[in-house]
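Report on the structure given below.
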Amino acid sequence: MPPTVNMGIPGASRSALGTDPGRDTGKRVLLAEPRGYCAGVDRAVETVERALAKHGAPVYVRHEIVHNRYVVDTLTKAGAVFVEQTDEVPEGAIVVFSAHGVAPWVHTEAAERNLQTIDATCPLVTKVHNEAKRFARDDYDILLVGHEGHEEVVGTAGEAPDHVQVVDNPDAVENVTVRDPDKVVWLSQTTLSVDETMETVRRLREKFPTLQDPPSDDICYATQNRQVAVKAMAPECQLVIVVGSRNSSNSVRLVEVALGAGADAAHLVDYAEDIDPAWLSGVTTVGVTSGASVPEILVRGVLDRLAGYGYDTVQPVTTANETLVFALPREIRPART
């Protein structure tokens, strides 16, 4: 891995980085901090690892535990079996529910097949599920800002299917209808672009002036933190490389955020080998970050590859420090001594 120059500047900006692009001819990498694994992803991946260690292979996982090719491939080699539907799991077997959460009917299906379930749903997703149930009990129309068909959206909407409408983007607002404009609340998928979500909410509020906000932010802290770090470094970058898989919502959003914040170009890669050398033509400053489901080993691979092209100075751009840790599901917690 190339040497790191520790800038030590929270909330780095153009002036704080201490460089003048007009005079700086050296190649460098700006490395976003925070990046990579969030607490919910770390918990979910460790859940599968511990389930395999405790019960042996196979351990079934409904949907990808997190949206990252490397993680899924690694766990598959260790004995995890990923399935799309509950009825693909043999009766009585162990099944882990992914970090994205599931609808109540999935739990019912699992019980009918006598499955041993381990729920690795991110606690922040569970919070949104609980909000949906609460507002449905109070007979609100719930406008769920999120991407139609995404596992997390399917799970949240499943908590209150008669009350939830999915609003996929700002332009979808014109098609939204509700029973009572005075009893409407918005919730959101946890991995969205903050800016696009707030634009959707702005349009919803224009249409429904008494629209209620969720009790607390639904877009997770990690998603927001990674977007803020990208915004801080993007104006300095001719190119931003986001490490993450194409089915990872928060990784895809980081590419959009980088372009919106001033990067000349931005690309999503699963592995260092995906970097096209043509992207680097005429580029002196490359920004690097990774989605919340990406292990650090993949970022190190990207930095090593960039160093091979002469980008051997790495400057962190730090905008937050994350210390949150979630407890593991009780079924696989270590026994107390």
Side-chain angles (χ1 to χ4, degrees), residues 34-68 70-83 86 88-134 151-152 154-156 158-159 190-191 216-218 220-223 225 248 250 291-297 321-337:
R35 64 183 179 276
Y37 270 13
C38 63
V41 165
D42 194 37
R43 174 182 185 266
V45 174
E46 186 175 354
T47 294
V48 178
E49 293 171 341
R50 285 183 176 270
L52 286 165
K54 181 177 180 178
H55 300 287
V59 166
Y60 292 84
V61 184
R62 190 180 185 278
H63 293 314
E64 294 185 352
I65 186 66
V66 296
H67 286 158
N68 183 264
Y70 175 88
V71 171
V72 170
D73 290 347
T74 300
L75 291 175
T76 298
K77 291 174 184 175
V81 178
F82 293 89
V83 300
T86 313
E88 298 175 58
V89 182
E91 289 206 23
I94 295 168
V95 62
V96 179
F97 295 143
S98 78
H100 309 102
V102 298
W105 56 264
V106 176
H107 290 277
T108 301
E109 284 185 346
E112 290 172 349
R113 297 182 63 79
N114 296 313
L115 302 181
Q116 303 176 58
T117 61
I118 303 174
D119 193 350
T121 301
C122 174
L124 299 180
V125 174
T126 299
K127 177 184 77 73
V128 182
H129 281 220
N130 291 334
E131 290 170 355
K133 289 187 286 188
R134 169 192 155 189
E151 287 101 313
E152 182 185 328
V154 172
T156 301
E159 295 287 0
T190 63
T191 55
S216 60
D217 284 347
D218 284 348
C220 90
Y221 76 96
T223 297
N225 286 349
S248 166
N250 75 88
S293 52
V294 176
E296 186 65 10
I297 187 173
N321 293 305
E322 295 177 352
T323 58
L324 184 63
V325 177
F326 292 132
L328 293 167
R330 57 181 176 78
E331 294 89 351
I332 45 84
R333 289 176 197 163
R336 291 185 179 180
T337 57

Inset, instruction - Would you mind reporting whether Cys220 and Thr191 have side-chain heavy atoms less than 4.5 Å apart? - result: no

Legend entry - CD on Gln116 to CD1 on Ile118, rounded to 0.5 Å: 8.0 Å

Legend entry - Atom CG of Asn321 with >12 non-hydrogen neighbours under 6.0 angstrom: no

Inset, instruction - State, with a plain yes or no, whether a side-chain heavy atom of Trp105 is found less than 4.5 Å away from one of Thr86. - result: no

Legend entry - Residue of the set Asn68, Val66, Val72 for which side chain to side chain contact (heavy atoms under 4.5 Å, CB included) holds with Val45: Val66

Legend entry - His63/Phe97 aromatic ring centres below 6.0 Å: no

Inset, instruction - Take Val102 and Arg62 through the side chain to side chain contact (heavy atoms under 4.5 Å, CB included) test and state the conclusion after the steps. - result: CA-CA 9 Å; Val102 298; Arg62 190 180 185 278; 4.0 Å; yes

Inset, instruction - Check Pro34 against Asn225 and note the closest heavy-atom contact, atom names and distance. - result: CG-CB, 3.7 Å

Inset, instruction - Run the salt-bridge test on Glu296 and Arg35 with the 4.0 Å N-O cut-off and return the result as yes or no. - result: yes

Inset, instruction - Please check if the side chain of Lys54 supplies one atom and the backbone of Glu331 the other of a donor-acceptor pair under 3.5 Å. - result: yes

Legend entry - Charged N-O contact under 4.0 Å between Arg113 and Glu109: no

Legend entry - Pair Ser98, Glu151: side-chain N/O donor-acceptor within cut-off below 3.5 Å: no

Legend entry - Interatomic spacing from CG in Leu124 to CZ in Phe326 - rounded to 0.5 Å: 4.0 Å

Legend entry - Pairwise side-chain contact, Lys133 with Asn130, heavy-atom cut-off 4.5 Å (strictly under): yes

Legend entry - Between NE2 on residue His107 and CG on residue Asp119, distance to nearest 0.5 Å: 5.0 Å

Inset, instruction - Determine whether Val61 and Val81 make a side-chain contact, defined as any pair of heavy atoms from C-beta on separated by less than 4.5 Å. - result: no

Legend entry - Rounded distance (nearest 0.5 Å) linking atom CG of Leu324 with atom SG of Cys38: 9.0 Å

Inset, instruction - Verify whether one side chain among His100 and Glu64 offers a donor that lies under 3.5 Å from an acceptor in the other. - result: no

Inset, instruction - For residues Ala99 and Ala44, report the shortest heavy-atom separation together with the two atoms involved. - result: CB-CB, 3.8 Å

Legend entry - For the student: nearest non-hydrogen atoms of Ala292 and Val41, plus distance: O-CG2, 3.2 Å

Legend entry - Nearest heavy-atom neighbours spanning Gly158 and Pro104: O-CD, 3.3 Å

Legend entry - Heavy-atom closest pair, residues Leu75 and Leu52: O-CD1, 4.4 Å

Legend entry - Lys127 side chain reached by Cys122 side chain, heavy atoms, under 4.5 Å: no

Inset, instruction - Find out whether Leu115 and Tyr60 are in side-chain contact, i.e. whether some heavy atom of one side chain is under 4.5 Å from a heavy atom of the other. - result: no

Inset, instruction - State the NE2-CD distance between His129 and Glu159, to the nearest 0.5 angstrom. - result: 5.5 Å

Inset, instruction - Provide the closest heavy-atom pair for Val95 versus Val89 in the form atom of the first, atom of the second, distance. - result: CG2-CG2, 4.1 Å

Legend entry - Side-chain touch Val294/Tyr70, heavy atoms, less than 4.5 angstrom: no

Legend entry - Minimum side-chain heavy-atom gap Arg50-Pro329 below 4.5 Å: no

Legend entry - From CD1 (Ile332) to CD1 (Ile94), nearest 0.5 Å: 11.5 Å

Inset, instruction - Taking Glu152 for its side chain and Thr190 for its backbone only, find out whether a donor-acceptor pair lies under 3.5 Å. - result: yes

